[in-house]
K.L.:
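Can you keep this structure in mind? I'll have questions shortly.
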Amino acid sequence: MPTTFITGANKSLGLETARRLVEAGHTVLVGARDPERGRAAAASVGARFVRIDVTDDASVDAAVADVAAHEGGIDILINNAGVLGRVGSVEEFTAADMREVLEVNVVGIVRVTHAFLPLLRTSPNPVIVNVSSGMGSFGLTQDPDRVESRYALPLYSASKAAVTMLTTQYAKELKDIRVNAADPGQTATDFTGGVGHSVAEGAESIVALAAIGADGPTGRFVDRSGELPW
């Protein structure tokens with residue numbers, strides 16, 4: 001069965017995804033910055049904890065070495081780690097605020113993906129799932145019938161637009177790997193103040209993309225209902 005590495009998996013969508021994939025028979029590696037929380041989360045779902053800080057080269061390299069030593073490779077990489085960033089009046093946002101969000105949500109994906117590519121390529125069916133958001137979609141945020149149009153989150157939305165574009169471009173270049181982006185939708189997490197559908201529903205698109213076969217899609221942006229405009 002597949003071996004799956006998930007960043008930011010000590011809570012919320014990452015932990016629910018880990019739980020679902022363990023139930024599906026995957027060997028799941030729960031990646032998280034905090035060792036205490038990460039170990040507890042991994043133990044709660046029957047996974048193994050691997051410490052990783054997606055903003056730190058040395059930490060990512062150490063995580064790769066850990067996985068190489070224990071599992072030898074991975075089949076699926078789920079880039080789930082993300083931050084909401086500062087919210088409030090756009091007049092108060094600074095370059096430092098933007099940099100903090102991009103470092104985790106975008107640069108972190110590049111850093112982790114680059115480091116894990118050799119381990120992914122040991123798999124006969126390597127898959128990358130990037131957790132994006134409808135808040136990064138031009139189409140959804142401009143549609144008055146969509147919940148995404150009711151909010152203004154410039155820093156977060158800009159970072160997620162970058163995640164989706166990054167996904168489509170990686171899919172073009174990494175022809176031996178299925179690379180897709182998942183939108184969990186408005187999910188009741190600390191990001192949304194508990195507003196939205198359940199974490200179980202939010203994880204559905206992530207889990208579905210993690211399960212695609214070698215003939216599955218690549219370069220797609222989907223939620224649990226299907227493909228989305230971006």
Side-chain angles (χ1 to χ4, degrees), residues 6-17 31-34 37-38 41 52-57 59-60 78-113 129-170 181-206 221-225 227-230:
I6 311 172
T7 65
N10 64 295
K11 63 177 182 177
S12 191
L13 286 165
L15 183 58
E16 175 64 15
T17 299
R33 289 182 301 174
D34 185 289
R37 293 178 182 176
I52 187 169
D53 179 346
V54 303
T55 69
D56 182 79
D57 288 334
S59 175
V60 173
I78 301 178
N79 286 307
N80 170 73
V83 295
L84 180 62
R86 187 172 182 174
V87 297
S89 171
V90 69
E91 296 175 0
E92 299 176 357
F93 296 159
T94 66
D97 294 328
M98 184 78 254
R99 188 178 298 113
E100 179 182 354
V101 175
L102 292 176
E103 184 63 33
V104 178
N105 294 1
V106 183
V107 180
I109 288 179
V110 174
R111 179 179 287 111
V112 172
T113 300
V129 181
N130 295 327
V131 179
S132 189
S133 170
M135 287 301 299
S137 163
F138 291 89
L140 299 184
T141 56
Q142 301 303 312
D143 182 347
D145 293 328
R146 293 285 305 204
V147 67
E148 291 87 353
S149 69
R150 302 173 200 164
Y151 300 96
L153 296 169
L155 306 184
Y156 179 77
S157 294
S159 76
K160 290 302 185 177
V163 169
T164 306
M165 179 58 79
L166 192 68
T167 300
T168 66
Q169 296 301 302
Y170 270 42
D183 172 25
Q186 188 180 36
T187 306
T189 67
D190 52 356
F191 275 24
T192 65
V195 176
H197 54 229
S198 69
V199 173
E201 291 174 297
E204 287 181 8
S205 60
I206 307 171
F221 176 39
V222 304
D223 66 4
R224 61 198 177 103
S225 299
E227 194 157 357
L228 295 170
W230 56 273

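For the single chain, residues carry numbers from 1 onward in sequence order.
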K.L.:
Taking only residues two or more places apart in sequence, or in another chain, which ones meet R111 in a side-chain hydrogen bond (donor to acceptor under 3.5 Å, both in side chains)?
P.N.:
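side-chain hydrogen bond (donor to acceptor under 3.5 Å, both in side chains) check on R111 returns D57, E103.
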
K.L.:
Quick one: list whatever passes side-chain hydrogen bond (donor to acceptor under 3.5 Å, both in side chains) with D97, sequence neighbours left out.
P.N.:
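Counting only residues at least two positions away or on another chain, D97 forms a side-chain hydrogen bond (donor to acceptor under 3.5 Å, both in side chains) with R86, T94.
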
K.L.:
Got a sec, which residues hit side-chain hydrogen bond (donor to acceptor under 3.5 Å, both in side chains) with S132, two or more places apart in sequence or on another chain?
P.N.:
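S132: side-chain hydrogen bond (donor to acceptor under 3.5 Å, both in side chains) contacts with T164.
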
K.L.:
How long is the span from the CG atom in D143 to the CZ atom in R150, to the nearest 0.5 Å?
P.N.:
10.0 Å

K.L.:
Work out which heavy atom in I206 is nearest to a heavy atom in P184; give both atom names and the distance.
P.N.:
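Shortest heavy-atom contact: CD1-CG, 4.4 Å.
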
K.L.:
Hey, could you give me the CD/CD1 distance between E16 and I6, rounded to the nearest 0.5 Å?
P.N.:
10.5 Å

K.L.:
Just checking, any donor-acceptor pair under 3.5 angstrom between side chains of S198 and E201?
P.N.:
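S198 vs E201: donor-acceptor pair found between side chains.
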
K.L.:
Look at the side chain of S205 and the backbone N and O of D183, then say whether any donor-acceptor pair between them is shorter than 3.5 Å.
P.N.:
yes

K.L.:
Taking T17 for its side chain and A203 for its backbone only, find out whether a donor-acceptor pair lies under 3.5 Å.
P.N.:
no

K.L.:
Among N79, V106, V131, which one satisfies side-chain contact (heavy atoms from CB on, under 4.5 Å) with V163?
P.N.:
V106

K.L.:
Tell me yes or no: between the side chains of N105 and S159, is some donor less than 3.5 Å from an acceptor?
P.N.:
yes

K.L.:
Any side-chain heavy atom of V104 sitting closer than 4.5 Å to one from V54?
P.N.:
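Side-chain contact under 4.5 Å: yes.
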
K.L.:
Who pairs with R146 by salt bridge (charged side-chain N to carboxylate O under 4.0 Å, His left out), at least two apart in sequence or on another chain?
P.N.:
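If we apply the salt bridge (charged side-chain N to carboxylate O under 4.0 Å, His left out) test to R146, skipping adjacent residues, the hits are E148.
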
K.L.:
Using 0.5 Å steps for rounding, measure from the CD atom of E204 to the CG atom of L13.
P.N.:
11.0 Å

K.L.:
Give me the atom names and distance for the closest heavy-atom approach of Y156 to V83.
P.N.:
CD1-O, 3.5 Å

K.L.:
Could I get the full list of side-chain contact (heavy atoms from CB on, under 4.5 Å) partners for Q142, not counting sequence neighbours?
P.N.:
none

K.L.:
Without swapping roles, check the side chain of T7 against the backbone of G31 for a donor-acceptor pair under 3.5 Å.
P.N.:
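No: the side chain of T7 does not pair with the backbone of G31.
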
K.L.:
Which heavy atom in A182 sits nearest to a heavy atom in F221, and how many Å separate them?
P.N.:
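Scanning both residues, the minimum pair turns out to be C-CE1, 4.4 Å.
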
K.L.:
Which pair of heavy atoms, one from F93 and one from V87, lies closest together, and at what distance?
P.N.:
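It is CE2-C, 4.0 Å.
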
K.L.:
Closest approach of T167 and A181, non-hydrogen atoms and distance?
P.N.:
CG2-N, 3.6 Å

K.L.:
With distance as the sole test, does N80 use its side chain to make a donor-acceptor pair with the main-chain N or O of G8 at under 3.5 Å?
P.N.:
yes

K.L.:
Where do S137 and P229 come nearest, in terms of heavy atoms and distance?
P.N.:
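For S137 and P229, the tightest heavy-atom pair comes out as OG-O, 2.7 Å.
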
K.L.:
Using the side-chain hydrogen bond (donor to acceptor under 3.5 Å, both in side chains) criterion, which residues pair with N10? Sequence neighbours excluded.
P.N.:
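Applying side-chain hydrogen bond (donor to acceptor under 3.5 Å, both in side chains) to N10 gives none.
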
